[in-house]
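Read through the structure below, which is laid out as structure tokens, and then see the notes.
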Amino acid sequence: MEEAKGSVVKHVFVAKFKDETSAAQIDQLIREMANLVNLIEPMKSLDWGMDVSAGKKNQGFTHVFECTFESMEGIAEYVAHPAHKEYAKTLMPNVEKFQVFDYELTKAVI
């Protein structure tokens, strides 16, 4: 099987918020993260959701955030951007644990 690579790169942040972080605080943090699309040019979009799997294999993680970029350089610019760094100062004290995964979007070609 061959793979066809495109010009789309995903940055995935999976998190478990601390128990003491209220639903209202989480909603505000999500709104602030979504606003980064307006502040950081290489960030093309943000999708997010909460775990709804029946299998309970989420290892305690509750939320996933998926950002779309056109290149790995765009992700590097996003990570180094002052707006992202400032947002992280607000987000991270509310996060118990997290994982980050960056990948180039590929489609299977048979």
Side-chain angles (χ1 to χ4, degrees):
M1 179 185 325
E2 294 181 31
E3 295 177 347
K5 291 192 177 188
S7 62
V8 175
V9 180
K10 298 290 188 170
H11 172 79
V12 179
F13 178 83
V14 182
K16 178 189 185 313
F17 287 96
K18 292 181 178 175
D19 290 340
E20 61 267 20
T21 304
S22 71
Q25 288 173 302
I26 293 170
D27 287 345
Q28 180 62 34
L29 289 165
I30 292 168
R31 281 192 295 277
E32 291 172 9
M33 184 181 287
N35 189 50
L36 293 177
V37 173
N38 300 316
L39 303 174
I40 305 173
E41 191 278 326
M43 186 179 181
K44 302 304 179 191
S45 67
L46 169 73
D47 295 306
W48 73 274
M50 295 178 62
D51 179 62
V52 294
S53 62
K56 300 298 178 200
K57 297 188 183 220
N58 61 355
Q59 298 180 16
F61 292 102
T62 56
H63 291 73
V64 63
F65 303 90
E66 181 184 68
C67 305
T68 301
F69 297 85
E70 293 177 352
S71 68
M72 288 302 297
E73 292 81 12
I75 292 176
E77 187 177 333
Y78 161 78
V79 170
H81 196 283
H84 176 261
K85 289 183 175 187
E86 192 63 30
Y87 172 71
K89 290 179 187 175
T90 303
L91 173 70
M92 295 313 292
N94 293 287
V95 172
E96 181 176 317
K97 65 181 181 173
F98 69 96
Q99 292 184 342
V100 174
F101 195 89
D102 297 329
Y103 66 97
E104 289 183 285
L105 193 62
T106 57
K107 296 186 185 233
V109 177
I110 299 175

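- Listed by chain and number, the residues in a ring pair (Phe, Tyr, Trp, His ring centres under 6.0 Å) with Tyr78 are His11, Phe69, His84 (sequence neighbours excluded).
- Atoms CD and OG1, on Gln25 and Thr90 in that order, are 11.0 Å from each other to the nearest 0.5 Å.
- With values rounded to the nearest 0.5 angstrom, Gln59 atom CD is found 6.5 Å from Gln99 atom CD.
- Within 6.0 Å of atom CZ in Phe98, 12 or fewer heavy atoms from other residues, nucleotides or ligands are found, so the atom counts as exposed in its surroundings.
- In this structure, the separation between CD1 on Ile30 and CG on Asn35 is 14.0 Å, given to the nearest 0.5 Å.
- The shortest distance between side-chain heavy atoms of Thr68 and Lys10 falls below 4.5 Å.
- Hydrophobic clustering keeps Met43 apart from Tyr103 (ILVMFWY residues linked when any side-chain heavy atoms are closer than 4.5 Å, directly or through intermediates).
- Under the 4.5 Å side-chain heavy-atom criterion for ILVMFWY residues, a single connected hydrophobic cluster contains both Phe61 and Val64.
- Linking Ile, Leu, Val, Met, Phe, Trp and Tyr whenever their side-chain heavy atoms come within less than 4.5 Å leaves Phe101 and Met92 in two separate clusters.
- Using a 4.5 Å cut-off between side-chain heavy atoms of Ile, Leu, Val, Met, Phe, Trp and Tyr, with links allowed through other members, Ile75 and Val14 fall into different hydrophobic clusters.
- Among residues two or more places apart in sequence or in another chain, the ring pair (Phe, Tyr, Trp, His ring centres under 6.0 Å) test is passed with His81 by none.
- Heavy atoms from other residues, nucleotides or ligands lying under 6.0 Å from CD of Glu20 number more than 12.
- For the pair Ala15 and Val95, the tightest heavy-atom approach, listed with the atom from each and the gap, is CB-CG1, 4.3 Å.
- Residues Pro93 and Ala88 approach most closely at CD-O, 4.0 Å, considering heavy atoms.
- In this structure, CD in Gln28 is found 4.5 Å from CZ in Arg31, a value given to the nearest 0.5 Å.
- The shortest non-hydrogen separation linking Leu46 to Cys67 is CD1-SG, 3.7 Å.
- Across all non-hydrogen atoms, the minimal contact from Leu36 to Ala83 is CD2-O, 3.8 Å.
- In this structure, Phe13 is a member of the same hydrophobic cluster as Leu39, with clusters built from ILVMFWY side-chain heavy atoms closer than 4.5 Å.
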Report task. Using the side chain to side chain contact (heavy atoms under 4.5 Å, CB included) rule, take Lys18 and Asn94 through it: C-alpha gap first, then chi angles, then the decisive distance, then the call. Result -> CA-CA 6 Å; Lys18 292 181 178 175; Asn94 293 287; 5.7 Å; no
Query raised in the report: side chain to side chain contact (heavy atoms under 4.5 Å, CB included) between Phe17 and Leu29: does it pass, once the steps are laid out?
Result: CA-CA 11 Å; Phe17 287 96; Leu29 289 165; 3.9 Å; yes
